[in-house]
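Just so it is clear, the structure is predicted and the values come from calculations on it, not from any experiment. Each residue takes its place number in the sequence, starting with 1.
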Amino acid sequence: MLSHVGADLRVIRERKPQFMGGVIHDPGDAAGPVHEAAAVSTGSLPSAEAVDDALSAAYARFRGDTSGRVADYIPALAEADPRLFGLSVADVHGSVRQAGDAGHPFSIQSISKAFVFALVDQALGHDTVRRRVGVNNTGLPFNSILAIELNHGSPMNPMVNAGALATTSLVPGADAAERWDFIQHGLSRFAGRELDLDMRVYESEAASNQRNESIARLLDSYERLGWDPIETTDVYTKQCSLSVTTRDLAIMGATLADGGVNPLTGDQVVDAAVCRDTLAALATSGLYERSGDWLYEIGMPGKSGVSGGILTVAPGKGGLAAFSPGLDPAGNSVRGQRATHYLSGALGLNLFASAPYLRSED
């Protein structure tokens, strides 16, 4: 017995764990090569009728809340109607339920970060994106320059602007046009339909994009970008300007929940391992410096955008999307957060919720 223990210890000592940000990461500790053999937790949403009832209740409960401020630092977003409020739920079986202004188009903004990260993770691999982009929360605002300097040029994670710019710079392609086509086509596959660029939003953002350009130049000075900082910023601005609805976002979320298979088209957009990587990044950083509060209260990986969208994902179950333009000081939709909080409990989506096991008397 002791000889077996000694042999096991020698194997452990001979491994070469990767030290990343002070954390030991040993691929050999995973259940199976690159986690393919790892067990998964699945479940199901309640019936379609129950989902409809919950969406109707959430819409009625929060439709009168028009608090928060629209994003006025982007001229095109400053004109948004704060009364708009839409909700959608898509499950992994292809059912989509919705309430309110679920069909109203808006720009995807930072929610695009999750899906571009997934595409790059698929193209370059788990270890490459972890090394080049990072997966740790900065604890600072989404457009912080200080966070880059404090972390020696590291973007830290793909959900803040610095990390998203670094991710976009890793997109495959010979030039900016090919890279943009890769992103637009990839996000369209997640949505199950062709997503269009909102030129008005794009031009408005491009005209007031100095901070993102500064972030990209700073990253470039640390040799953290894969290609030109100005071209990177332009393609990133385009990805944020794709037009979506809450229905689109819910389907995109359901694709991440379904091991990378779009539940409407049956298209395997990315691998299941990529979905796990993406949802892990969302759980730690999707709501910026409020991510801890978000996970504590809602219990699902999520991503917000300054146009008022919020997407959350329940692995194995589906995607939940909300839209309401009024934002809190951190840039997250006020009404969207409240509705998501309610629906997380009403639909049993909180990943950390459990009930005592009912044991028989004997």
Checklist entry - Which residues pass the salt bridge (charged side-chain N to carboxylate O under 4.0 Å, His left out) test with Asp267, sequence neighbours left out? => result Arg189
Checklist entry - Please, which pairs that meet salt bridge (charged side-chain N to carboxylate O under 4.0 Å, His left out) have at least one residue in residues 160-184, sequence neighbours excluded? => result none
Checklist entry - Going by the ring-ring contact (aromatic ring centres under 6.0 Å, His included) test, which pairs reach into residues 192-212, not counting sequence neighbours? => result none
Item to check | Expected output: side-chain Ser169 to main-chain Gly226 donor-acceptor under 3.5 Å | outcome: yes
Side-chain donor-acceptor distances from residues 58-65 under 3.5 Å, at least two apart:
| from | atom 1 | to | atom 2 | distance (Å) |
| --- | --- | --- | --- | --- |
| Asp65 | OD1 | Ser67 | N | 2.9 |
| Asp65 | OD1 | Ser67 | OG | 2.6 |
| Asp65 | OD2 | Arg338 | NH1 | 2.8 |

Checklist entry - Nearest heavy-atom pair of Ala114 and Leu282: which atoms, and what distance? => result CB-CD2, 3.8 Å
Checklist entry - Can any side-chain N or O of Ser324 pair as donor or acceptor with the backbone N or O of Gly308 at less than 3.5 Å? => result no
Checklist entry - Can you list the steps and then say if Leu256 with Phe115 is a side-chain contact (heavy atoms from CB on, under 4.5 Å)? => result CA-CA 9 Å; Leu256 289 176; Phe115 298 97; 3.6 Å; yes
Item to check | For Lys113, the option from Thr167, Asn161, Thr168 that meets side-chain hydrogen bond (donor to acceptor under 3.5 Å, both in side chains) | outcome: Asn161
Checklist entry - So do Leu343 and Thr340 actually touch side chain to side chain, heavy atoms under 4.5 Å? => result no
Checklist outcome for this item: So CG of Leu170 and OG1 of Thr232: to nearest 0.5 Å the spacing works out to 9.0 Å
Next on the checklist: Quick test of your reading of the model: are Arg200 and Asp198 salt-bridged, counting only N-O distances below 4.0 Å?
Outcome noted: no
Next on the checklist: What verdict does the side-chain contact (heavy atoms from CB on, under 4.5 Å) test give for Thr233 and Asn209, after you've listed the backbone C-alpha separation in whole Å, the side-chain angles of each residue and the deciding distance to 0.1 Å?
Outcome noted: CA-CA 8 Å; Thr233 304; Asn209 220 6; 3.4 Å; yes
Checklist entry - Does some side-chain heavy atom of Asp121 sit less than 4.5 Å from a side-chain heavy atom of Val270? => result no
Checklist entry - Would Asp328 and Arg69 pass as an ion pair if we require N to O under 4.0 Å? => result no
Checklist entry - Sequence neighbours excluded, which residues qualify as ring-ring contact (aromatic ring centres under 6.0 Å, His included) partners of Tyr236? => result none
Checklist entry - With sequence neighbours left out, which residue pairs that include part of residues 89-98 fulfil the side chain to side chain donor-acceptor pair (under 3.5 Å) condition? => result Asp52-Arg97
Next on the checklist: Would you compute the distance between atom CZ of Arg247 and atom OG of Ser88 and round it to the nearest 0.5 angstrom?
Outcome noted: 7.5 Å
